[in-house]
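Scroll down for the structure; my scribbles are underneath it.
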Number of protein chains: 2
Amino acid sequence: MDIRTVAAEAGVSIATVSRVMNHVKTVDPKLSKRVWEVVNRLGYVPNTQARALVSGRSRLFGVIISDITNPFFPELIQGFEEKAVEVGYETMIGSTKRDLKQMELCIQRMLERKVDGVAVMTFGIEPLLLERLSLQGIPMVFIDVAPPGHAITPPPGKAISTISIDYEKGIREGVQHLAVLGHRRIGFLAGPRYLHTALAREHAFRRSIQAIGLALPEEYVFEGDHTAEVGMDGMSALLALADPPTAVMCSNDMTAIGAMHTALGAGLRIPHDLSVIGFDDIRLAQYMFPPMTSIQMSRRDLASAAVMALKAHIDESEDHPAPSNTGIETRLVVRQTTSIPRGALSDLKPGE
Amino acid sequence: MDIRTVAAEAGVSIATVSRVMNHVKTVDPKLSKRVWEVVNRLGYVPNTQARALVSGRSRLFGVIISDITNPFFPELIQGFEEKAVEVGYETMIGSTKRDLKQMELCIQRMLERKVDGVAVMTFGIEPLLLERLSLQGIPMVFIDVAPPGHAITPPPGKAISTISIDYEKGIREGVQHLAVLGHRRIGFLAGPRYLHTALAREHAFRRSIQAIGLALPEEYVFEGDHTAEVGMDGMSALLALADPPTAVMCSNDMTAIGAMHTALGAGLRIPHDLSVIGFDDIRLAQYMFPPMTSIQMSRRDLASAAVMALKAHIDESEDHPAPSNTGIETRLVVRQTTSIPRGALSDLKPGE
DNA sequence: CTGAAAGCGCTAACAG
DNA sequence: CTGTTAGCGCTTTCAG
């Protein structure tokens, strides 16, 4: 069952069937109607492979993420997929699991399938591999920023864009929220420093603390890896301190979940004995107990921006250059893991 | 840059290049080596579209799920994808969001891409749509069971298999565990009854309760929809009862998370005042506080079985018929949301 | 506005 | 063991 079957059945040429299927407007409505009837009756579905082969466009986008098991990503993927389908594209997911070998395989697969664009939602990607993509002139979009320095300037057009996230805003809101409540000792459970998006969060935190005039002992910052597992370790480390923080901010929600787990396990009450703020505001955050205060950035907006950037590059032309930078905001969502610190009153110095 | 470029550069015919790329063993090692060198030097990547077009096989599997946002599915998808890549297949995901329109689109997309097999990991799928798949003779694998009754017997070969899950075992273990601890009033937060997998769990629960000789007032069973949101509602309903249960078993972990949330919010202590058992044992279960007792079924095994079943159907031949049924076990994982009920001692009647 | 014909990049007979 | 050749199903000039 192929285009010929339909053509024969409708008494037209295959070219006409092709035109009808592609909604070419210059087709006689009579013929068009006849063809559609046959298509529906026979249940004809055009073969994407053949279409792609001849048109040179696969209508496929690749998304590279690190770990589909972190709830943040499925939510992001869902948004991406929806938007992609909306503009007529399919999505192919590549999970690198932070492993070089996986990453290589995953890029190989995308090249084989001739993706029309790639969204890189993770860092830790080998510049060399990226070059393979950019050399083919495949449009790419990065979250945050392309790998530092390393020149991935593709030969002719630089079909690369970036979605920059204003971490600063949300994190500043969080720190101020804590400070207003009376916290003076605020810790930070950071993400892996090789991960650009994690580092950006840490920097924003440091700046916010400084801006507000608080001290930040180096042992108040713990480098983790964005898993609940290591969030537990980080919290343990903080609690073991002679003078532990009264509040912790976390680089992502999974870390915060781990931290809460450990704190609760140690007999602390949240938020009475310890305030916690997460980051990402994954859906689950509100179902924790107590419901978690977190910093939100819209997965929908992010995903949507990524798809649109890719689409823009594809439709790009001399007089319609694609924009190469989009911004996404972050904002604090206050729930119930933050309150005044237990020792709040005694912390007050005369004059305050 | 195509197969011709490579052939020319290596001084062989395109057929030879094709053979080398496909690891056909009858190629002169000398030539093979020469070709590989050129391939690597040029960074040649074969075009999957063309390959698929001529070979008639897309090396693509479709997976139909209902809601990628439920943590159970990403974990499943990850397993599926890994296994699929292992046997040389790509995975295409279709999220139906329990919406008929979405489902239709999603099947349409799979047909267009000419998937070599489909794993249906959700129920609630229109038999008519399914028929479109089976009529094309596309191998399918279902979790649990094909839609009841409705004859989806494809014309020639019946390339359909089922992965049946032994819910009974895990659930019986859970109920017994509770009974041994001293619980006599056990509630059940069920999933949507139109969902086969949910109904099977409910039935297993009812049988287990009966087997152990306990009473099950109808108001102890609450039909939910496998979301945390409605899990909260269910728990509220149970707590509002004159004689509320001392333990609840849930049809999935998200429901259990919602239930715990509400119970904790109502001032109950878990497990002291209320025991809770989830189902699925998603990763997060252990990071809840207290860590959740849950019934596990291996996502890995499930995913793996699905891929292998599809693969078997594809490689099927007269003398190597594909097995059409695989079984997956479930088992109780005891953590800290279950303990003896508060009123345990007073519940004991003389003679017990 | 419609049809005939030329491939897209590759695999799989079929000769040599 | 290697090369030549005929398509896979479709889009897209180019004539009519």
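FYI, side chains are in, hydrogens and waters are out, and symmetry mates aren't considered; it's all heavy atoms of this structure. It should be emphasised that the depicted structure is a prediction, and the values quoted were computed from it without experimental measurement. Residue numbers begin at 1 in each chain, while the letters A, B, ... track the order of the sequences.
- Of the residues listed (A:I314, A:V307, A:L60, A:V115), the one engaging A:Y89 in a side chain to side chain contact (heavy atoms under 4.5 Å, CB included) is A:I314, and it is the only one.
- The side chain of B:T16 contributes an N or O atom lying less than 4.0 Å from OP1 or OP2 of D:dG3.
- The CG atom of B:L302 sits 4.0 Å away from the CD1 atom of B:I143 when rounded to the nearest 0.5 Å.
- Of the charged side-chain nitrogens involved, at least one lies within less than 4.0 Å of a carboxylate oxygen, so that A:E90 and B:R113 count as a salt-bridged pair.
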Let me check something: any side-chain donor-acceptor pairs from residues 20-30 of chain A under 3.5 Å, sequence neighbours excluded? List them with distances.
unit_1	atom_1	unit_2	atom_2	d
A:N22	OD1	A:R51	NH2	3.3
A:N22	ND2	A:S18	O	2.8
A:D28	OD1	A:K30	N	2.7

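- Counting 5' to 3', DNA chain C first comes under 4.0 angstrom of a heavy atom of chain B and last does so at the ends given by C:dG9 to C:dA13.
- Closest to the side chain of A:I3, out of D:dG3, D:dT11, D:dT13, is D:dT11.
- In this model, a donor atom of one side chain and an acceptor atom of the other lie less than 3.5 Å apart for B:D2 and B:T5.
- For the segment residues 42-59 of chain B, the set of residues with a heavy atom within less than 4.0 Å of an atom of DNA chain C comprises B:Y44, B:P46, B:N47, B:A50, B:R51, B:V54, in numerical order.
- Listed by first and then second residue, the salt bridge (charged side-chain N to carboxylate O under 4.0 Å, His left out) pairs that reach into residues 78-87 of chain B are A:K97-B:E82, B:E82-B:R300, B:K83-B:E86, sequence neighbours excluded.
- Side-chain contact check for A:I64 versus A:M121: every heavy-atom pair is 4.5 Å or farther apart.
- Sequence order on DNA chain D of the closest nucleotides to B:I14 and A:R4 puts B:I14 first from the 5' end.
- In this structure, CG in B:N70 is found 9.0 Å from CD1 in B:I65, a value given to the nearest 0.5 Å.
- Rounded to 10°, the angle separating the first-five-pair axis and the last-five-pair axis of the helix from C:dC1-D:dG16 to C:dG16-D:dC1 equals 40°.
- Within residues 21-31 of chain A, the residues having any heavy atom closer than 4.0 Å to DNA chain C are, in order of number, A:T26, A:V27, A:D28, A:L31.
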